[in-house]
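Encoded as structure tokens, the structure appears first; notes follow it.
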Amino acid sequence: MDLEFSLRKLNSLSLTAVNVRLSEKIGSTGLAIVISLLLIALYNLAFFSAAIQVLDLSHFRGLLFLANIALVLWLLNFIFISLLTLPYIGKILLGILLFVAAGTAYFMDTYGIVIHRLMIQNVMETDFSETQDLVNIKLILYFLVLGLLPALQIFRMKIGFLSLKKELWRKLKFTSAALLASLILIISMSADYASFFRNHKNIRQMANPLNVVYATASYFSNSSHAITVVPIENDAAINALGKAQQKPTLFILVVGETARADHFSINGYQRDTNPLLAQQNIINFSKVISCGTETAVSVPCMFSSLGHSGYSDNKAKAQEGLLDVIKHAGIDVLWRDNNSSCKGTCNRVTYEDVQHLAVDGLCNKHECFDEILLHQLNEKLQAMNTRNKVIVLHQKGSHGPDYSQRYPTAFEVFKPVCKTNQLQHCTRAEVINAYDNTIRYTDYFLNNAIEWLKQQTSQYNTALIYLSDHGESLGENGLYLHGMPYAIAPTEQKHVPFFFWLSDEFSQANRIDRQCLKDTGDNDFSHDNLFHTVLGLLNIQTRIYNPALDMLKPCRTLAKSQNELNHLP
């Protein structure tokens, strides 16, 4: 939607407000009817647009079902608004609700985003700099036209309430009648409803503001319990092969952000987005699926032993993860963050936030480019105390919608680019150009990280893994950004890049057959493999380790040397 459409909304809202002002006082039931009608007419365009796309409106039954849905949604909104329309606090509650509904309408109308519990979690864990990236004139207009103006009108109204007993009885009568009417409407077309919501669950999650209220309540309900973190196992230790190595291990794990695999030229993308990585002796995996579609899920999931099928936010927070196991094995861990925190995965290791440093050439007034993660890394390495060392670098990567802000101007290779966070004002080609430039810059950053590791090979056996947390929609089927519910999320939001870089000394010391590993590059892998692969790579033995999920295991030439290993100290 553009500014003209927003102004049409303003005119429509103003006319409604004028009609309401004709009465000096409005009853609580009348106010609930008016507000619920406004919610249907102005705040649910994305819901009805999605429904119209999947319904067969060429037949009368399709039109009848659309009208049925609209009536049911209005009745349910009326019930909810009636419960909020209370003496003293009703105006405040309704004002807050309209602001929430305005923001929800903006993100659904503009980006096709569906608001669900995990999206609420993502919002709650987003930092101020990421929030700034989303602010624009259109968002402000939504809050002004659909939030502030109707809220002010409500505060100016005189709401007529009856005595407590009569008011409760009136609410009970009208909400019961609305509930009964909605049930009759649903039952009258029950077959249509069953088919519709079974096949299009995402549309149900677009009901505004009912679903966002439900999602928020679900999030806080799941987050309200006190969580005690317990160890996975207390048996983590370096195995015989690890102890036998002459040089210590230096391992870097790069956690990418919002990078989709099909825009990496090393995965066959037609544009040359990885000119430098193509020159490195990396081992690439082209078929890797993420654990979630948002950072708040994917990062904790990939660092846990739960796997996608067993993951939940509460479970992950209640037990230690990969970095804890590494630390228990006697390996120092440093997490350097150029993003919005580690989402709890690094709470018990050394953490450094570098995204707001002021380093000329690496930072601007808003944020730092990902090269900041390598700034003074030599000094950080020297400060780490243990023999073996693990460094995690959490990128800003390709986080949108301000893609053009994620890279220095020298990396603007693909042009013209979208230079605004209002993606609807850009062509899809401009959006993709800006996004591809972020991948080109990530290529440069990762190459620098590998070159830095090469400089450490006289003292360490060095290795690097790069894995993105999730992908991104760039306009396919009208969707942008990420965060769709996993079950219905498009492949673009789940297919992620993943590769190893292993120094020759590391491969030899750990008896890794590189060609064997390269031959597995087209096998199906997922975030589930990271936990066990890293334990195997670092030679950490523990009962929690699952060799079937260790990507390196089939390509380590250990079987013929098992007797030798058994006698190592």
Task: Distance-only side-chain donor-acceptor flag, Thr295 / Glu257, under 3.5 Å - done: yes
Task: Residue from Tyr435, Phe411, Tyr403, Tyr407 passing ring pair (Phe, Tyr, Trp, His ring centres under 6.0 Å) with Tyr441 - done: Phe411
TODO: Taking atom types as modelled, find out whether Asn433 and Arg271 have a side-chain donor-acceptor pair closer than 3.5 angstrom.
DONE: yes
TODO: Can you see which heavy atom on Leu393 is nearest to which on Leu374, and at what distance?
DONE: CD1-CD2, 3.9 Å
- [ ] Start with the C-alpha distance between Asp436 and Thr273, add both sets of side-chain angles, then the distance that settles side chain to side chain donor-acceptor pair (under 3.5 Å), and finish with yes or no.
- [x] CA-CA 7 Å; Asp436 284 349; Thr273 52; over 6 Å; no
Task: Heavy-atom donor-acceptor pair, Asp402 side chain to Gln405 backbone, under 3.5 Å - done: no
Open item on the list: Any heavy-atom pair between the side chains of Tyr43 and Thr104 that's under 4.5 Å?
Closed with: no
Open item on the list: Using every non-hydrogen atom in the two residues, find where Leu479 and Ser473 come nearest and quote the distance to one decimal.
Closed with: O-CB, 3.4 Å
TODO: Check Asp109, Leu210, Asn208 against Asn44 for a side chain to side chain contact (heavy atoms under 4.5 Å, CB included) and give me the one that passes.
DONE: Asn208
Task: Within-4.5 Å side-chain heavy-atom neighbours: Thr420 and Cys426 - done: yes
- [ ] Could you tell me whether a side-chain N or O of Arg406 sits under 3.5 Å from a main-chain N or O of Ala434, the two making a donor and an acceptor?
- [x] no
Open item on the list: Using 30° and 60° as the class boundaries, would you call the ring planes of His308 and Tyr486 parallel, tilted or perpendicular?
Closed with: tilted
Open item on the list: Between Glu294 and Lys343, is the salt bridge (Lys or Arg N to Asp or Glu O under 4.0 Å) condition met? List the steps.
Closed with: CA-CA 11 Å; Glu294 57 274 293; Lys343 311 304 180 187; over 6 Å; no
Task: Side chain proximity check, Val417 to Asn437, heavy atoms < 4.5 angstrom - done: yes
- [ ] Report, as yes or no, whether the 6.0 Å neighbourhood of atom CG on Asp56 holds more than 12 heavy atoms from other residues, nucleotides or ligands.
- [x] yes
- [ ] Apply salt bridge (Lys or Arg N to Asp or Glu O under 4.0 Å) to the pair Asp370 and Lys396, showing each step before the final yes or no.
- [x] CA-CA 6 Å; Asp370 281 333; Lys396 191 78 169 183; over 6 Å; no
Open item on the list: Quiz question: by atom type and distance under 3.5 Å, do the side chains of Arg170 and Ser28 form a donor-acceptor pair?
Closed with: yes
Open item on the list: A side-chain contact here means heavy atoms from C-beta on lying under 4.5 Å apart; do Phe303 and Leu253 qualify?
Closed with: yes
Task: Side-chain heavy-atom pair Phe174, Ile79 within 4.5 angstrom cut-off - done: no
Open item on the list: Is it the case that atom CZ in Phe161 sees more than 12 heavy atoms from other parts of the structure closer than 6.0 Å?
Closed with: yes
- [ ] Name the orientation class of the two ring planes belonging to Tyr106 and Tyr111 (parallel below 30°, tilted from 30 to 60°, perpendicular beyond 60°).
- [x] perpendicular
TODO: Step through it carefully: locate the ring centre of His482, locate the ring centre of His399, and say whether they are under 6.0 Å apart.
DONE: yes
Task: Validation row: Leu94, Ile81 side chains within 4.5 angstrom (heavy atoms) - done: yes
TODO: Before accepting this row, confirm whether a basic side-chain N of the pair Lys494/Glu472 lies closer than 4.0 Å to the acidic partner's carboxylate O.
DONE: no
Task: Minimum-distance pair of heavy atoms, taken over all atoms of Lys419 and Glu412 - done: NZ-OE1, 2.9 Å
